[in-house]
Protein chains: 2
Amino acid sequence: MRMQKEIQNKYKTRSETMKALAHPTRLFIVDFLADGEKCVCEIVEQVGVDISTISKHLSVMKNAGLVEYEKRGLNVFYKLVCPCVSELFICLENIKKL
Amino acid sequence: MRMQKEIQNKYKTRSETMKALAHPTRLFIVDFLADGEKCVCEIVEQVGVDISTISKHLSVMKNAGLVEYEKRGLNVFYKLVCPCVSELFICLENIKKL
DNA sequence: TATCTAGTTGGCTAATTTGCCAAGTAGTAA
DNA sequence: TTACTACTTGGCAAATTAGCCAACTAGATA
């Protein structure tokens with residue numbers, strides 16, 4: 001089971017997803033979007049940091065395939081690609097329980 | 001649901017765990033330890049990087065509460081605190097599937 | 001005692017990440 | 001057309017992370 005090239009790629013891919021989730025603000029956004037799609041300004045309002053910062057966080061999540069967006073009028077609406085991301089937190093809580 | 005101090009702490013805690021998992025080598029180690037406890041030199045042999053690098057990765061995982069260790073003789077044996085970490089990967093694969 | 005072995009820690013550089021501000025873009029409204 | 005609104009992108013400095021080598025530590029063995 002030595003860590004060969006192909007295996008390495010598998011863990012690299014996994015870690016990209018984890019990295020996209022490994023930030024308090026991004027985790028908050030995941031929870032917020034679990035409620036349904038939101039536009040960027042709604043997220044900004046909830047988090048309370050610069051809009052450019054939020055935009056970059058969303059871009060990280062987009063690149064990781066966690067969220068997708070749709071532009072309607074002046075707003076850009078983001079939503080979770082798979083709402084099951086929230087289940088990850090349940091796993092996470094279990095890990096920390098013991 | 002605005003991101004207040006206490007909420008912020010919740011996501012900070014979660015993100016610490018995620019960060020500890022957000023590295024290919026550490027994800028590999030998790031999988032390797034799912035098989036049972038291993039000493040550091042066994043991990044080094046499988047991963048193929050410097051022992052000091054592995055030691056630091058293990059230290060990160062230890063601080064995040066993912067692993068614990070026991071010294072026996074000359075060796076230090078690491079194991080998963082909760083083998084259920086592996087379930088996280090199942091969640092992860094589900095997220096990426098759609 | 002001295003020496004060896006298995007790990008950890010310190011120190012360093014390189015690479016990555018974060019968050020702000022400023023500038024740019026696209027769609028709306030006047 | 002001009003101006004406004006909602007967002008994205010570039011650029012930069014500060015902070016964090018990664019990985020190597022060298023030095024150190026603890027336990028085993030001679």
Side-chain angles (χ1 to χ4, degrees), chain A residues 2-3 5 8-9 11-30 32-33 37-79, chain B residues 2-3 5 8-9 11-30 32-33 37-79:
Chain A
R2 185 140 208 288
M3 191 154 131
K5 192 79 60 72
Q8 218 168 341
N9 283 341
Y11 293 106
K12 184 120 194 288
T13 306
R14 280 184 182 178
S15 74
E16 310 277 84
T17 309
M18 300 296 277
K19 265 205 265 192
L21 288 166
H23 190 285
T25 299
R26 294 198 290 266
L27 289 176
F28 175 85
I29 292 173
V30 166
F32 191 47
L33 293 184
E37 65 166 25
K38 311 281 181 195
C39 72
V40 178
C41 60
E42 286 177 292
I43 301 171
V44 168
E45 201 212 324
Q46 294 299 313
V47 180
V49 303
D50 196 273
I51 188 172
S52 71
T53 300
I54 294 297
S55 182
K56 281 178 184 171
H57 279 308
L58 288 167
S59 159
V60 168
M61 297 168 79
K62 173 71 175 52
N63 289 334
L66 295 172
V67 298
E68 55 194 7
Y69 64 82
E70 196 186 337
K71 186 154 194 175
R72 290 203 299 277
L74 277 177
N75 300 291
V76 178
F77 293 88
Y78 279 85
K79 65 176 175 188
Chain B
R2 184 139 210 288
M3 191 155 131
K5 193 77 62 71
Q8 218 167 341
N9 283 341
Y11 293 106
K12 185 120 193 288
T13 306
R14 280 184 183 179
S15 75
E16 311 275 85
T17 310
M18 300 298 276
K19 266 204 265 193
L21 288 166
H23 191 286
T25 299
R26 295 199 288 266
L27 289 177
F28 175 85
I29 292 173
V30 166
F32 191 46
L33 292 183
E37 65 166 24
K38 310 282 178 193
C39 72
V40 179
C41 62
E42 286 177 291
I43 301 171
V44 168
E45 201 212 325
Q46 294 299 313
V47 179
V49 302
D50 197 273
I51 187 173
S52 70
T53 300
I54 294 297
S55 181
K56 282 178 184 173
H57 279 308
L58 287 167
S59 161
V60 168
M61 296 168 79
K62 172 72 175 51
N63 289 334
L66 294 173
V67 297
E68 55 193 8
Y69 64 82
E70 197 185 335
K71 185 155 194 175
R72 291 204 300 277
L74 277 178
N75 300 291
V76 179
F77 293 89
Y78 279 84
K79 66 175 173 187

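What you see below is based on every heavy atom in this structure, not just the backbone, and it leaves out hydrogens, waters and symmetry mates. All chains are named by letter (A, B, ...) in the order of the sequence lines, taking the proteins before the strands, and each is independently numbered beginning at 1. Since the structure is predicted, the reported quantities are computational estimates derived from the model, not experimental observations.
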At under 4.0 Å between heavy atoms, what does [X] touch on the DNA or RNA strands: base, sugar-phosphate, or nothing?
{"X": "A/Phe77", "result": "nothing"}
{"X": "B/Arg72", "result": "nothing"}
{"X": "A/Tyr78", "result": "sugar-phosphate"}

What integer distance in Å separates [X]:[atom1] from [N]:[atom2]?
{"X": "B/Glu70", "N": "D/dG27", "atom1": "CD", "atom2": "C1'", "answer": "15 Å"}
{"X": "A/Ile54", "N": "D/dT9", "atom1": "CD1", "atom2": "C1'", "answer": "16 Å"}
{"X": "B/Glu45", "N": "C/dA6", "atom1": "CD", "atom2": "C1'", "answer": "14 Å"}
{"X": "B/Ile51", "N": "C/dT9", "atom1": "CD1", "atom2": "P", "answer": "12 Å"}
{"X": "A/Leu58", "N": "C/dT17", "atom1": "CG", "atom2": "P", "answer": "17 Å"}
{"X": "A/Lys19", "N": "C/dA15", "atom1": "NZ", "atom2": "P", "answer": "14 Å"}
{"X": "B/Lys12", "N": "C/dT18", "atom1": "NZ", "atom2": "P", "answer": "13 Å"}
{"X": "B/Asn63", "N": "D/dT16", "atom1": "CG", "atom2": "P", "answer": "15 Å"}

Can a side chain N or O of [X] be found less than 4.0 Å away from OP1 or OP2 on [N]?
{"X": "B/Thr53", "N": "D/dC20", "answer": "yes"}
{"X": "B/His57", "N": "D/dT17", "answer": "no"}
{"X": "A/Ser55", "N": "D/dT8", "answer": "yes"}
{"X": "A/Lys56", "N": "C/dT18", "answer": "no"}
{"X": "A/Lys71", "N": "C/dA26", "answer": "no"}
{"X": "B/Asn75", "N": "C/dG7", "answer": "yes"}

Is a salt bridge present between A/Glu45 and A/Lys38, judged by a nitrogen-to-oxygen distance below 4.0 Å?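 So A/Glu45 does not pair with A/Lys38 through a salt bridge.
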Would you call A/Arg14 and A/Glu16 a salt bridge, using N to O less than 4.0 angstrom?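 Judged by the 4.0 Å cut-off on N to carboxylate O distance, A/Arg14 and A/Glu16 do not form a salt bridge.
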Closest approach to the side chain of A/Asp50, judged atom by atom: which nucleotide of D/dG19, C/dC20, C/dT5 is it?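 My answer, after comparing the listed nucleotides, is C/dC20.
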Could you please name the option among C/dC21, C/dG7, D/dG19 that lies closest to any side-chain atom of B/Cys39?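 Nearest nucleotide to the side chain: C/dG7.
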Below 4.5 Å, heavy atoms only, C-beta onward: do A/Tyr11 and B/Thr25 meet side chain to side chain? no
Do B/Asn75 and B/Cys41 have side chains that approach each other closer than 4.5 Å (heavy atoms only, starting at C-beta)? yes
Which of parallel (below 30°), tilted (30 to 60°) and perpendicular (above 60°) describes A/His57 and A/His23? tilted
For the residue pair A/Tyr78 and A/Tyr69, does the interplanar ring angle fall in the parallel (under 30°), tilted (30 to 60°) or perpendicular (over 60°) class? tilted
5' priority, DNA chain C, between B/Val76 and A/Val60 [closest heavy atom]: B/Val76
When you match A/Ala22 and B/Val40 each to their closest nucleotide on DNA chain C, which lands nearer the 5' end?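 Comparing both residues, the 5'-ward one is B/Val40.
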With distance as the sole criterion, do the side chain of A/Ser52 and the base of C/dC21 form a donor-acceptor contact below 3.5 Å? yes
